[in-house]
Amino acid sequence: MAPTPLSTQFSTSRRMEIHNPLHQITTWDHDAFEAHISPNTSHSLTTQLDTRLPYNVEYTSQESLEYPRDSETSIPNKMQRRLAQNRETARKSRLKRKAYVQELELGSQKLAKLEREIERSREQAVYMDLSNTIHGLLSGIVTFEKKYELWVIEQQKKEAELVTILQRDISDVELRVFVDDVVNHYNDLFRMKADAAKADVFSLLYGSWRPSVEQLFQWLGGFRPSQILYILMPTFEPLTDTQVVNLSRLRHTCRQAEDALSQGIEKLEQTLAQMVGNNLIECRNYDKHMKSMIEGLEALENFSNQADHLRHRTLEQMSRILTTRQTAKGFVALGEYFQRLRVLNSNWSARPCG
């Protein structure tokens, strides 16, 4: 058999992870080696082994010894690059997750606002359906009383929901949606009262649609704004100095407007009483005086609308002066105030007589 070429033997040894014959020789049993090999053959065997070794076995051994040192320097570099890539990937992932959470929160707020608007539309549809159903059977203040009963029930639900929301840790943006919903519900009441004033302003102004105890605290068909601000002031605590000043100015402005409206309606009542007295003397101008009195009575509708406009503006200004959470607490306290009046009226009606 022809001897194996040197290049083929070298290639095979590289694939076999550089097998070193000298290493195998050194592992033989020393005594057996001496027993079979004489001194005369030692030199020839050594020469034969040397001719069979690859020319670059020394270089290959050196390369295998030096490779761990190169690996020791290259592996940490690779690990550092991989760690840097992992950190960058984690940072981008956190940014994406934060953006996604913010987008979800914004979408949730928009959805909550949309649900409130849909609910308001449904409530208004209920009011309109109720009005159409009882139209022709009930008129004037009776229609308003039925709508007002529904309004009170819905208002109690909104206030209970607001109490629950305040007990949770939510953002002011989300809380503002509920606060605006309560403000809009009060605006619905003022619009209902404006429609009722066209039918029966006397009953609306002097409170026949309210329980008897509530009529004691009523001013021109509703609450007195300056009085409500005074009652709710402790619920707004803690207040800043700026808030205290602004609330004091608002209350002072409310008192001035209330006095002007009270004086105006008092003067109108005096004028109407004088016109009725003149009617008793001048019987010839009876029709003329009656027409003037009717025009004077129609002015009461304007007083009713101005009083509700003052209430509306007071609630809006109060919500601008206060923080969102303070405003929410104020509306909860306002609802509890009206609820206590209703309970007081029930206890008064159920008291033993005689």
Side-chain angles (χ1 to χ4, degrees), residues 109 112-113 116 151 155-156 158-191 193-194 205 207 210 214 216-267 302-341 344:
Q109 294 168 7
K113 184 177 180 181
R116 297 296 180 279
W151 184 91
Q155 181 69 9
Q156 290 174 345
K158 293 182 181 298
E159 290 165 357
E161 185 179 25
L162 197 58
V163 171
T164 303
I165 292 298
L166 284 172
Q167 295 174 353
R168 290 160 40 190
D169 186 16
I170 64 174
S171 63
D172 289 343
V173 176
E174 186 177 357
L175 182 60
R176 173 57 63 179
V177 175
F178 294 91
V179 171
D180 292 341
D181 191 36
V182 174
V183 174
N184 292 330
H185 194 60
Y186 275 102
N187 294 341
D188 292 339
L189 174 62
F190 299 144
R191 284 192 293 267
K193 291 176 66 178
L205 277 176
R210 285 183 180 272
E214 289 187 51
L216 177 64
F217 300 92
Q218 185 170 266
W219 172 79
L220 295 182
F223 61 85
R224 187 182 290 270
S226 62
Q227 185 181 47
I228 288 299
L229 286 175
Y230 177 77
I231 293 173
L232 298 182
M233 189 72 73
T235 65
F236 301 149
E237 297 292 342
L239 291 169
T240 64
D241 294 339
T242 303
Q243 287 177 325
V244 172
V245 172
N246 291 334
L247 288 174
S248 299
R249 289 177 180 175
L250 178 59
R251 189 181 173 208
H252 178 69
T253 303
C254 289
R255 281 201 301 264
Q256 288 181 332
E258 292 165 5
D259 292 340
L261 289 174
S262 297
Q263 292 173 7
I265 198 169
E266 182 179 358
K267 185 176 180 179
N302 185 38
F303 280 100
S304 176
N305 293 335
Q306 288 188 37
D308 280 340
H309 179 70
L310 178 60
R311 297 182 186 100
H312 176 206
R313 294 294 297 170
T314 301
L315 294 179
E316 285 187 342
Q317 291 297 324
M318 181 187 73
S319 62
R320 290 192 182 99
I321 294 173
L322 301 173
T323 64
T324 304
R325 191 164 294 274
Q326 288 173 330
T327 305
K329 291 180 179 179
F331 280 122
V332 171
L334 183 60
E336 185 178 358
Y337 170 75
F338 292 140
Q339 180 63 25
R340 289 185 178 183
L341 289 180
L344 179 60

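Position 1 is the first residue of the sequence; numbering continues from there.
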Checklist line | Identified side-chain hydrogen bond (donor to acceptor under 3.5 Å, both in side chains) partner of S226 from the options E258, H252, Q256 | finding: E258
Notebook entry, point to check: Just wondering, do L322 and L239 contact through their side chains at under 4.5 Å, heavy atoms?
Noted result: yes
Next item on the list: With side-chain contact (heavy atoms from CB on, under 4.5 Å) as the test, would you mind laying out the steps for T314 and I228 before giving the verdict?
Entry: CA-CA 10 Å; T314 301; I228 288 299; over 6 Å; no
Notebook entry, point to check: Closest heavy-atom contact between R191 and N184?
Noted result: NH2-O, 4.5 Å
Next item on the list: For side-chain contact (heavy atoms from CB on, under 4.5 Å), just list the numbers for E161 and T164, CA-CA rounded to whole Å, side-chain angles, deciding distance to a tenth of an Å, and then say yes or no.
Entry: CA-CA 5 Å; E161 185 179 25; T164 303; 5.7 Å; no
Note to self: When you compare the side chain of T327 with that of I321, does any pair of heavy atoms fall below 4.5 Å?
What the structure shows: no
Next item on the list: Classify the side-chain pair R176/T324 by whether it contains a donor and acceptor separated by less than 3.5 Å.
Entry: yes
Notebook entry, point to check: Does M318 reach the side chain of F236, with side-chain heavy atoms less than 4.5 Å apart?
Noted result: yes
Item checked: L315 versus F331, closest heavy-atom pair with distance -> CD2-CE2, 4.0 Å
Note to self: Within this structure, what is the CG-NE2 distance for the pair N187 and H312, rounded to the nearest 0.5 Å?
What the structure shows: 3.5 Å
Check: Is it true that a side-chain atom of H185 and a backbone atom of W151 form a donor plus acceptor pair closer than 3.5 Å?
Finding: yes
Margin query: With heavy-atom distances below 4.5 Å as the criterion, would you say the side chains of H309 and F190 are in contact?
Written below: no
Item checked: Step-by-step side-chain contact (heavy atoms from CB on, under 4.5 Å) determination, F178 to K158 -> CA-CA 8 Å; F178 294 91; K158 293 182 181 298; over 6 Å; no
Check: Is there side-chain contact between Q167 and V163, with at least one heavy-atom pair below 4.5 Å?
Finding: yes
Note to self: Would you say that Q155 contacts V182 through its side chain, given a criterion of any heavy-atom pair below 4.5 Å between the two side chains?
What the structure shows: yes
Item checked: OH-CZ distance between Y230 and R255, expressed to the nearest 0.5 angstrom -> 11.0 Å
Check: Taking the six-membered ring for Trp, are F223 and F338 parallel (under 30°), tilted (30 to 60°) or perpendicular (over 60°)?
Finding: tilted
Check: Considering all heavy atoms of both residues, which atom of C254 and which atom of L229 are nearest to each other, and what is their separation?
Finding: SG-CD1, 4.3 Å
Margin query: Quick one: does any side-chain atom of E174 pair with a main-chain N or O of S171 as donor and acceptor, under 3.5 Å?
Written below: no
Notebook entry, point to check: Side chain of Q326, backbone of T235: donor and acceptor closer than 3.5 Å?
Noted result: no
Notebook entry, point to check: For the residue pair A328 and L166, what are the closest heavy atoms and their distance?
Noted result: CB-CD2, 3.8 Å
Next item on the list: Quick one: do F217 and R210 satisfy side-chain contact (heavy atoms from CB on, under 4.5 Å)? Show the steps, please.
Entry: CA-CA 11 Å; F217 300 92; R210 285 183 180 272; over 6 Å; no
Next item on the list: To the nearest 0.5 Å, tell me how far K193 NZ sits from L205 CG.
Entry: 8.5 Å
Next item on the list: Check whether any side-chain heavy atom of Y337 sits under 4.5 Å from a side-chain heavy atom of L232, and report yes or no.
Entry: no
Check: What's the shortest heavy-atom distance between F303 and L261, and which atoms?
Finding: CE2-O, 3.7 Å
Notebook entry, point to check: Measuring from I265:CD1 to N302:CG, what's the distance to the nearest 0.5 Å?
Noted result: 10.5 Å
Check: Can you check whether L310 reaches L220 side chain to side chain, under 4.5 Å on heavy atoms?
Finding: no
Item checked: Ion pair check, R313 and E316, cut-off under 4.0 Å -> yes
Notebook entry, point to check: So which heavy atom on R311 is nearest to which on G222, and how close?
Noted result: NH2-N, 3.1 Å
Check: Under 3.5 Å, side chain of D181 to main-chain N/O of V177, donor-acceptor pair present?
Finding: no
